[in-house]
Protein chains: 2
Amino acid sequence: MLDNISKDARGNVYAAMCPCRDLLDVLANKWSTLVIGALESGPQRFGQLKVRLQGVSPKVLSQTLKRLEGRNLLTRTVYAEVPARVEYELTALGHGASRPLKDLRDWVETNVTRAEPRP
Amino acid sequence: MLDNISKDARGNVYAAMCPCRDLLDVLANKWSTLVIGALESGPQRFGQLKVRLQGVSPKVLSQTLKRLEGRNLLTRTVYAEVPARVEYELTALGHGASRPLKDLRDWVETNVTRAEPRP
DNA sequence: CAGTATCCAAAAGGATACTG
DNA sequence: CAGTATCCTTTTGGATACTG
């Protein structure tokens, strides 16, 4: 029988100590949201991503990719060519995460005029 | 007739200069995601939110609420009681934004064990 | 109760320049 | 091409302490 600690191993993002807080932090930020969206339609190279994510620096893009790779959300593949070609691709897990993120991007693009800042 | 600049006024989150980049930044972060989720079921007071969002400091909670209020995503209402009662409530716009965010929270809670960090 | 004010440490991010 | 290294500025966030 299943032990009573892990049960179905579902997390609670409202619990400070739950590991899913960290996962939420990895996904719920601007650059991760944009990277995952850019990879939805298929593998992309570093340079392609840098162009699509207008304004991102190579340092930040690299950091973001590493964090997502470390969570099994995407894979990094090096092809033995000259010069080397490197492709990033969403894993099955990454594709799952991409759905709510796509909905969020779509909502933002549609409703931006209704959420104008009034400081 | 409509002017040809605003058209349907849909934004593009991949464009660096698009105002929706800022809106994405407001929504796509850990604390906003949790605040909006906590308000989904109805109005909440500051203290209640502070308890639900385990580990958040009053400063950060206050900042997050102000940013969301400034985007018309929630309202702040002060009731003339002693001591004063203050309630935060999602606007219609905020409820719209809360859907993809809820899906994201749910996905995170369900898949946290499959996205364990491998540094 | 509902915040604000302070102080500080840590992380994020931008700009380049440089390398295998 | 695909990053890494460096430098520096800005933001974020935690911890308290304090106030109307």
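Heavy atoms only: backbone and side chains are in, while hydrogens, waters and symmetry mates are out. Reminder, nothing fancy here: chain letters follow the sequence lines and each chain counts from 1. Worth saying up front: this structure is predicted, and the values here are computed from it rather than measured.
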Mapping Arg85(A) and Val60(B) onto DNA chain D by nearest heavy atom, which one lands closer to the 5' end?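 Mapping each residue to its closest nucleotide by heavy atoms, the 5'-most match is Arg85(A).
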5' precedence on DNA chain D between Gln63(B) and Pro58(B) (nearest-nucleotide basis):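 Between the two, 5'-proximity favours Gln63(B).
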Look at the side-chain N and O atoms of Arg76(A) and state whether any lies under 4.0 Å from the OP1 or OP2 oxygen of dA2(D).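 Result: no.
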Between [N] atom [atom2] and [X] atom [atom1], what is the distance in whole Å?
{"X": "Asn29(A)", "N": "dT11(D)", "atom1": "CG", "atom2": "P", "result": "17 Å"}
{"X": "Asp25(A)", "N": "dT11(D)", "atom1": "CG", "atom2": "C1'", "result": "14 Å"}
{"X": "Glu87(B)", "N": "dG3(C)", "atom1": "CD", "atom2": "P", "result": "11 Å"}
{"X": "Lys66(A)", "N": "dG3(D)", "atom1": "NZ", "atom2": "P", "result": "7 Å"}
{"X": "Lys50(A)", "N": "dA15(C)", "atom1": "NZ", "atom2": "C1'", "result": "11 Å"}
{"X": "Asp22(B)", "N": "dG13(C)", "atom1": "CG", "atom2": "P", "result": "13 Å"}
{"X": "Leu53(B)", "N": "dA2(C)", "atom1": "CG", "atom2": "C1'", "result": "16 Å"}
{"X": "Leu24(B)", "N": "dG13(C)", "atom1": "CG", "atom2": "P", "result": "12 Å"}

Does any residue of residues 35-48 of chain B have a heavy atom under 4.0 Å from DNA chain D, and if so, which ones, in number order?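 Hits under 4.0 Å, by residue number: none.
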Ignoring hydrogens and angles, answer whether the base of dG14(C) and the side-chain atoms of Lys59(A) contain a donor-acceptor pair closer than 3.5 Å.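 Donor-acceptor pair under 3.5 Å: yes.
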[Y]/[X] salt bridge by N-O under 4.0 Å criterion:
{"X": "Lys102(B)", "Y": "Asp106(B)", "answer": "yes"}
{"X": "Arg105(B)", "Y": "Glu40(B)", "answer": "yes"}
{"X": "Glu69(A)", "Y": "Arg71(A)", "answer": "no"}
{"X": "Glu109(A)", "Y": "Arg10(B)", "answer": "yes"}

DNA chain C: Tyr88(B) or Arg67(A), which has the more 5' nearest nucleotide?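 Whichever sits nearer the 5' end wins; that is Tyr88(B).
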Tell me the partner of dA9(C), counting only Watson-Crick (N1-N3 plus N6-O4 or O6-N4) or G-U wobble (N1-O2 and O6-N3) with both under 3.5 Å; none if nothing fits.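 Pair assignment: dA9(C) / dT12(D).
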Please name the nucleotide paired to dG20(D) by Watson-Crick or G-U wobble geometry with both distances under 3.5 Å, or report none.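 Partner of dG20(D): dC1(C).
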For Lys30(B), report the nucleic acid contact type (base, sugar-phosphate, nothing); a contact means any heavy atom under 4.0 Å.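 Counting heavy atoms under 4.0 Å across all strands, no contact is made by Lys30(B).
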Verify, without hydrogens or angle tests, whether Ser32(A) (side chain) and Val26(A) (backbone) share a donor-acceptor contact under 3.5 angstrom.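 Flag set: sc Ser32(A) to bb Val26(A) pair under 3.5 Å.
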Would you indicate which nucleotide in dG14(D), dT16(C), dG13(C) comes nearest to any side-chain atom of Trp31(B)?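 The closest nucleotide is dG14(D).
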Minimum-distance nucleotide (side-chain atoms of Ser62(B) versus dT16(C), dT4(C), dA2(C)):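 Ranking dT16(C), dT4(C), dA2(C) by closest atom to the Ser62(B) side chain puts dT4(C) first.
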Determine, stepwise, if the pair Leu39(A) / Tyr88(A) fulfils side chain to side chain contact (heavy atoms under 4.5 Å, CB included). CA-CA 8 Å; Leu39(A) 293 176; Tyr88(A) 294 90; 4.3 Å; yes
Treating Ile, Leu, Val, Met, Phe, Trp and Tyr as nodes and any side-chain heavy-atom pair under 4.5 angstrom as an edge, say whether Val13(B) and Met17(B) lie in one connected cluster.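 Different clusters.
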